[in-house]
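A quick note: this is a predicted structure, and the numbers were derived from the prediction, not measured. Counting starts at 1 for both ligands and their atoms, in listed order.
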Amino acid sequence: MELIIDVEALGVDLDALAACSDDEPPGVTRLVYGPADLRARAYLRQQCDEAGLVVREDGLGTLFARWPGREPDLPAVASGSHLDALPHAGRFDGTVGVVGALEALRALRRAGFQPQRSLELILFTSEEPTRFGLGCLGSRAMIGSLTPDQLRQLRDGQGRSLDEWRTSAGFTAPLEEVALAPGAYAAFVELHIEQGPLLEVEGLPIGVVRAIAAPAALRVAMRGQSGHAGSVLMLERRDALLAGAELALAVEAAALGTGSRDTVATTGIFTIGPGAVNAIPNVATLEIDVRDIDLERRDHVLQAIKASTEAICARRHVTYDLIELNADPPATCDPAVVETIIKVCDRIGLPRLIMISRAYHDSLFMARICPTAMIFIPSRGGISHRADEYSDLEQIGQGVAVLAHSLAALSQA
Ligand code: GLV
Ligand code: MN
Ligand code: MN
C-alpha cells in the first residue's frame with residue numbers, strides 16, 4: 001500500500017496546538033482541564049470530526065476517535081498519547097503521538113485502506129502529574145488501576161478536587177464508566193519523541209521500544225518550627241528547609257549509590273513556608289521522582305530515601321508525613337507488536353534502534369490490558385520537558401509512516 005503522510009498538515013496541527021498554551025512561545029504550558037487544555041481538546045475534536053472519526057469522551061475527558069472496521073465487534077487497535085504539558089515544557093511531548101495518530105488514520109483513509117478491526121485514536125487525560133500529583137490518570141483509570149473512589153479523592157495543590165475540575169471542564173459522565181471492558185483492544189501503539197539522546201547520537205530515525213522503566217514518586221511534608229531569624233539561636237532551631245535540603249542530597253546519594261546509570265532520582269518540587277527572609281522555615285514539602293529499569297533496585301532506592309527521611313527528621317527535631325504517590329512496575333512491550341513495527345521499518349527502509357523508554361507513558365498502563373509497543377523519533381540534543389525541546393517535522397513524518405503501516409498490519413485480524 002502506498003501511503004502518503006501529509007507532513008504539512010502535521011505541521012499545521014502542531015502549530016495550532018502549540019498556540020493553545022499559557023506560556024510564551026516556544027514554551028508550552030497546558031495543565032489538564034485548564035483553558036489552554038480545553039482549547040487544544042476542541043481543536044483535536046474538530047480535526048477528528050473533519051476526518052470522519054466517531055468521537056466519544058469518558059468522564060475524565062479521555063477522547064476516543066474511532067474508525068469502525070469491517071468487523072466492528074472485534075477488539076480495536078488503538079494509538080494515541082497526551083496533550084497536557086507541564087509548566088514551561090515544549091510543543092512535542094505527547095502532542096506528536098496525538099497528531100501522529102490522527103495523521104496516520106487520515107493517511108490510511110486517503111489511501112483507501114479498509115481496516116478489519118476498528119482503528120482508534122486515544123487522547124489520554126492528564127499524562128503529566130502536574131495538577132493532581134499523579135501521572136497517567138486517564139490510562140490508569142481506563143485499565144481499572146485507579147478506582148472511581150480513588151479518583152474522587154484526588155486534589156490539586158489548592159485542595160480543589162478532580163471531580164470539580166472535570167465537571168467544570170464539561171466531563172460529567174459517571175466515573176464508574178471509565179474502566180474499559182476486558183479485551184477492549186487487540187493492540188496499542190504509541191508514537192512519542194524519544195526525550196533522550198540515543199537516536200540522534202546513533203543517527204537513526206526510529207526507535208522501537210521494548211520496555212518502559214518503572215517510575216515512582218514520593219511526597220514528603222516536613223514540619224519544624226518557625227521563629228525570628230534574629231533571635232532564635234542556631235542550636236535551638238527546627239528548620240524544615242534544612243531538613244529538606246539534606247533529604248534532597250540524600251535522594252541524589254541514594255540514586256548514585258546503586259552504581260547503575262539506569263537509576264535516576266529527582267527532587268522536582270521543594271516548597272517552603274512561611275517564605276519570609278527573616279523567619280525560620282517551618283514547613284518544607286518535597287516531591288521526589290525515582291526511576292529504574294530494574295524494579296528491585298528502584299524499590300531499594302525508595303527504601304533508602306524513606307530511611308534517610310526518618311534519620312534526618314529525627315536528628316533535626318522535625319516531624320514529617322511521607323506519602324508514596326505511585327510506585328509502578330516496569331512494562332515489557334509485546335514481542336509480536338515490536339516485531340510488526342520492526343518489519344514495517346525494514347520494509348519502508350527506515351533504520352531503527354531497539355531501545356527502552358526511561359520516560360513513562362500511557363503505554364506503561366495500556367501494556368497491562370493489551371499487547372503494546374512504542375515508536376520513538378529523535379529529540380534534538382535529547383532535550384525534553386523544556387521549552388527548547390525540538391523534533392524535526394520530516395522525522396515526525398517518518399514516525400507517522402511507521403505508525404500508519406503498523407496500525408494497518410495490526411488491524412488485519
Ligand atoms: C513523563 O512525562 C515522564 O515524566 O516520564
Ligand atoms: Mn512529559
Ligand atoms: Mn509524554
Can you name the atoms of ligand 1, numbered from 1 with element, that are less than 4.0 Å from a heavy atom of [X]?
X	answer
Glu127	1 (C), 2 (O)
Ala359	5 (O)
His385	1 (C), 2 (O), 3 (C), 4 (O)

request  = Tell me which one of His192, Arg291, Arg358, Gln195 gets a heavy atom nearest to atom 3 (C) of ligand 1.
outcome  = Arg291
inquiry  = With side chain to side chain contact (heavy atoms under 4.5 Å, CB included) as the test, pick out the partner of Arg140 among Asp328, Leu364, Asp362.
reply    = Asp328
query = Under 4.5 Å between any side-chain heavy atoms of Phe376 and Leu353, yes or no?
reply = no
ask   = Quick one: does Asp93 get an N or O within less than 3.5 Å of an N or O on ligand 1?
value =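 No - when backbone and side-chain N and O of Asp93 are compared with those of ligand 1, no distance drops under 3.5 Å.
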message = Measuring centre to centre across the rings, with the benzene-like ring taken for any Trp, is Phe188 within less than 6.0 Å of Phe124?
response = yes
ask   = In His385, the N, O or S atom nearest to the Mn ion (ligand 2) is which?
value =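 Nearest N/O/S atom of His385: NE2.
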query = Closest to the Mn ion (ligand 2), which N/O/S atom of Glu128 is it?
reply =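 That would be atom OE2.
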ask   = Has His82 got an N/O/S atom less than 2.8 Å from the Mn ion (ligand 2)?
value = no
request  = Return yes when at least one N/O/S atom of Glu127 is nearer than 2.8 Å to the Mn ion (ligand 2), and no when none is.
outcome  =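 No N, O or S atom of Glu127 is closer than 2.8 Å to the Mn ion (ligand 2), so no.
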task = Start with the C-alpha gap between Arg152 and Leu162, add the side-chain angles, then the distance that decides, and say whether side chain to side chain contact (heavy atoms under 4.5 Å, CB included) holds.
result = CA-CA 7 Å; Arg152 276 189 276 269; Leu162 173 124; over 6 Å; no
Hey, does the side chain of [X] reach the backbone of [Y] with a donor-acceptor pair shorter than 3.5 angstrom?
X	Y	answer
Ser308	Ala304	yes
Ser168	Trp165	yes
Arg166	Gly59	yes

query = Could you give the distance from CZ (Arg297) to OG (Ser260), rounded to the nearest 0.5 Å?
reply =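 Those atoms lie 3.5 Å apart.
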ask   = If you look at His192, which of its N/O/S atoms is nearest to the Mn ion (ligand 3)?
value = NE2
Name of whichever N/O/S atom of Asp93 is nearest to the Mn ion (ligand 3) =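 Sorting the N, O and S atoms of Asp93 by distance to the Mn ion (ligand 3) puts OD1 first.
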query = Side chain, backbone, both or neither: which part of His361 comes within less than 4.0 Å of ligand 1 when only heavy atoms are counted?
reply =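 None of His361 does.
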task = Determine, for Asp84 against Arg131, whether the closest basic-nitrogen to carboxylate-oxygen distance falls under 4.0 angstrom.
result =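 Arg131 and Asp84: not salt-bridged.
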task = Measure the distance from atom 2 (O) of ligand 1 to every protein heavy atom, then report the residue, atom name and distance (to 0.1 Å) of the closest one.
result =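 The answer is Glu128 OE1, 3.0 Å.
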